Amino acid sequence: MEPGSIENLCLLYHSPDFLVVNKHWDIRIDSKMWYEKLTVQRQLKHRFPELADPDTYYGFRFCHQLDFSTSGALCVALNKEAAGRAYKCFKERTVTKAYLALVRGIVTESLMTITLAIGKNTQDGRTHMMCVEGTEGCENPKPCQTDLLVLQHGSYKGDPVTKVLLQPLTGRTHQLRVHCSALGYPIVGDFTYSLKTDTDPYRMMLHAYYLRIPTDREKIQVTAPDPFQTELDPNWTPTDTVCCLNEAMVEIISKGVESDVKEEVPQPPERKKETEQERAVCRQWLSEWAGE
């Protein structure tokens, strides 16, 4: 539960083209506001001043986003070409992401696929939020899908909670937070989607645990250590395990690898329809070799 600082930057992966860091909770990725003294961008400039690109506003190209309150794996491209390769993976939906979360309540269904469409909330005082289709003021809802797997049941400061593994198969803003809240299992410490009532936990319990970006030059695959363990936060007390995290990840990782293999296998050229003349030549050839 160590607070973030300019020096406190955990590196998960480093190549000539990419960095992946374990983003601290309650830190913005970047900001144009002068009063934002602590951002991931500033941490990177402090740690790797030689890698900052003067051709970009922030000095670094972030390949994707993580909310201010979310911790975990965040990928940074170190040049324009690398950023383009990563963008292609996101555009073609070949990226695999998995998150860990503690949610309020006891989730009884061990495996769920959530398909609630998500749109912009246009209600007064909530324009910074998203909402599910059917909510009053929901504008331009788009299809979304999240897979939810229950890992453990337990309690947080005595209140019933469930530890879950979330896999977003689409990338809508606040998707995981909105889907969990809509099901009646809001993420512990989510100040925004609890309508400012869940203020006791020191952070929002959502963590980008696994990230895989299979670019055509390198396969980025990282795991950001699980922060929701009793040794790290004694307020979290698991009572029973429904599914082992390692076992769940084996299946998720194998699916990502299988999709890479399918893409790498060259597709045979489309066969042209055989002409009558070609068939005649073939029959002649077969008749000449029929005796062998």
Side-chain angles (χ1 to χ4, degrees), residues 11-23 29-30 40 53 56 60-67 70-101 111-118 130 141-149 164-180 206-226 245-270:
L11 188 64
L12 301 173
Y13 179 92
H14 190 186
S15 74
D17 288 335
F18 294 98
L19 288 174
V20 181
V21 300
N22 187 3
K23 176 189 168 297
I29 292 175
D30 47 44
V40 176
D53 188 341
T56 65
F60 294 90
R61 295 177 172 87
F62 296 99
C63 300
H64 56 111
Q65 295 291 315
L66 286 181
D67 292 343
T70 306
S71 61
L74 175 67
C75 184
V76 183
L78 297 179
N79 55 69
K80 188 176 181 179
E81 292 73 23
R85 294 197 299 275
Y87 171 76
K88 183 173 182 286
C89 292
F90 280 94
K91 184 179 179 181
E92 296 177 353
R93 296 190 177 183
T94 59
V95 174
T96 303
K97 294 188 284 184
Y99 292 70
L100 291 171
L111 180 62
M112 288 189 284
T113 295
I114 311 164
T115 56
L116 298 170
I118 293 177
M130 307 296 284
K142 294 183 180 179
C144 292
Q145 182 175 333
T146 301
D147 287 346
L148 182 152
L149 176 69
V164 296
L165 181 67
L166 301 166
Q167 189 178 7
L169 302 181
T170 49
R172 196 74 165 132
T173 302
H174 297 177
Q175 177 175 320
L176 303 180
R177 299 164 67 183
V178 173
H179 271 172
C180 288
L206 180 62
H207 177 73
Y209 177 68
Y210 175 79
L211 176 66
R212 188 171 193 275
I213 307 177
T215 72
D216 54 6
R217 293 193 186 177
E218 64 183 292
K219 302 290 190 291
I220 302 166
Q221 180 170 283
V222 294
T223 299
D226 175 9
L245 175 59
N246 290 339
E247 291 177 5
M249 288 307 304
V250 166
E251 184 174 352
I252 289 175
I253 293 170
S254 63
K255 284 181 180 178
V257 173
E258 285 174 9
S259 64
D260 290 348
V261 172
K262 288 178 183 177
E263 288 183 7
E264 290 171 1
V265 174
Q267 296 297 316
E270 187 176 345

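Values below: all heavy atoms of this structure, side chains included; hydrogens, waters and symmetry mates excluded. Being a predicted model, the structure only gives us computed values, none of them experimental.
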Problem set entry | Phe18/Leu78 under side chain to side chain contact (heavy atoms under 4.5 Å, CB included): CA gap, chis, key distance, verdict | CA-CA 5 Å; Phe18 294 98; Leu78 297 179; 5.7 Å; no
Nearest 0.5 Å please: distance from the [atom1] atom of [X] over to the [atom2] atom of [Y].
{"X": "Arg85", "Y": "Asp216", "atom1": "CZ", "atom2": "CG", "value": "6.0 Å"}
{"X": "Leu211", "Y": "Cys63", "atom1": "CG", "atom2": "SG", "value": "9.0 Å"}
{"X": "Leu245", "Y": "Leu165", "atom1": "CG", "atom2": "CG", "value": "6.5 Å"}
{"X": "Leu100", "Y": "Leu149", "atom1": "CG", "atom2": "CG", "value": "10.5 Å"}
{"X": "Met130", "Y": "Lys142", "atom1": "CE", "atom2": "NZ", "value": "8.5 Å"}
{"X": "Lys255", "Y": "Ile252", "atom1": "NZ", "atom2": "CD1", "value": "7.5 Å"}

Nearest non-hydrogen partners of [X] and [Y], listed with the distance:
{"X": "Gly72", "Y": "Asn22", "answer": "CA-OD1, 3.2 Å"}
{"X": "Gly171", "Y": "Gln175", "answer": "N-OE1, 3.6 Å"}
{"X": "His179", "Y": "Leu116", "answer": "NE2-O, 2.7 Å"}

Determine whether [X] and [Y] make a side-chain contact, defined as any pair of heavy atoms from C-beta on separated by less than 4.5 Å.
{"X": "Tyr13", "Y": "Cys75", "result": "no"}
{"X": "Leu148", "Y": "Leu111", "result": "no"}
{"X": "Asp147", "Y": "Met112", "result": "no"}
{"X": "Leu74", "Y": "Val20", "result": "no"}
{"X": "Thr223", "Y": "Tyr209", "result": "yes"}
{"X": "Asp53", "Y": "Phe60", "result": "no"}
{"X": "Leu12", "Y": "Val21", "result": "no"}
{"X": "Glu218", "Y": "Ile220", "result": "yes"}

Looking only at side chains, do [X] and [Y] share a donor and an acceptor under 3.5 Å apart?
{"X": "Tyr87", "Y": "Glu92", "value": "no"}
{"X": "Gln221", "Y": "Tyr210", "value": "yes"}
{"X": "Thr113", "Y": "Gln145", "value": "no"}

[Y] backbone acceptor or donor facing [X] side chain under 3.5 Å:
{"X": "Arg172", "Y": "Cys144", "value": "no"}
{"X": "Lys23", "Y": "Asp67", "value": "yes"}
{"X": "Thr70", "Y": "Leu66", "value": "no"}
{"X": "His207", "Y": "Pro225", "value": "yes"}
{"X": "Thr94", "Y": "Cys89", "value": "yes"}

For this session: List in chain and number order the residues that pass salt bridge (charged side-chain N to carboxylate O under 4.0 Å, His left out) with Glu247, two or more places apart in sequence or in another chain; answer none if no residue qualifies.
Result: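 Glu247: no salt bridge (charged side-chain N to carboxylate O under 4.0 Å, His left out) contacts found.
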Problem set entry | Intermediate values then yes/no, side-chain hydrogen bond (donor to acceptor under 3.5 Å, both in side chains), Thr146 and Gln167 | CA-CA 6 Å; Thr146 301; Gln167 189 178 7; over 6 Å; no
For this session: Please list, chain by chain and in numerical order, all residues satisfying ring pair (Phe, Tyr, Trp, His ring centres under 6.0 Å) with Phe90, sequence neighbours excluded.
Result: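 Ring pair (Phe, Tyr, Trp, His ring centres under 6.0 Å) check on Phe90 returns His64.
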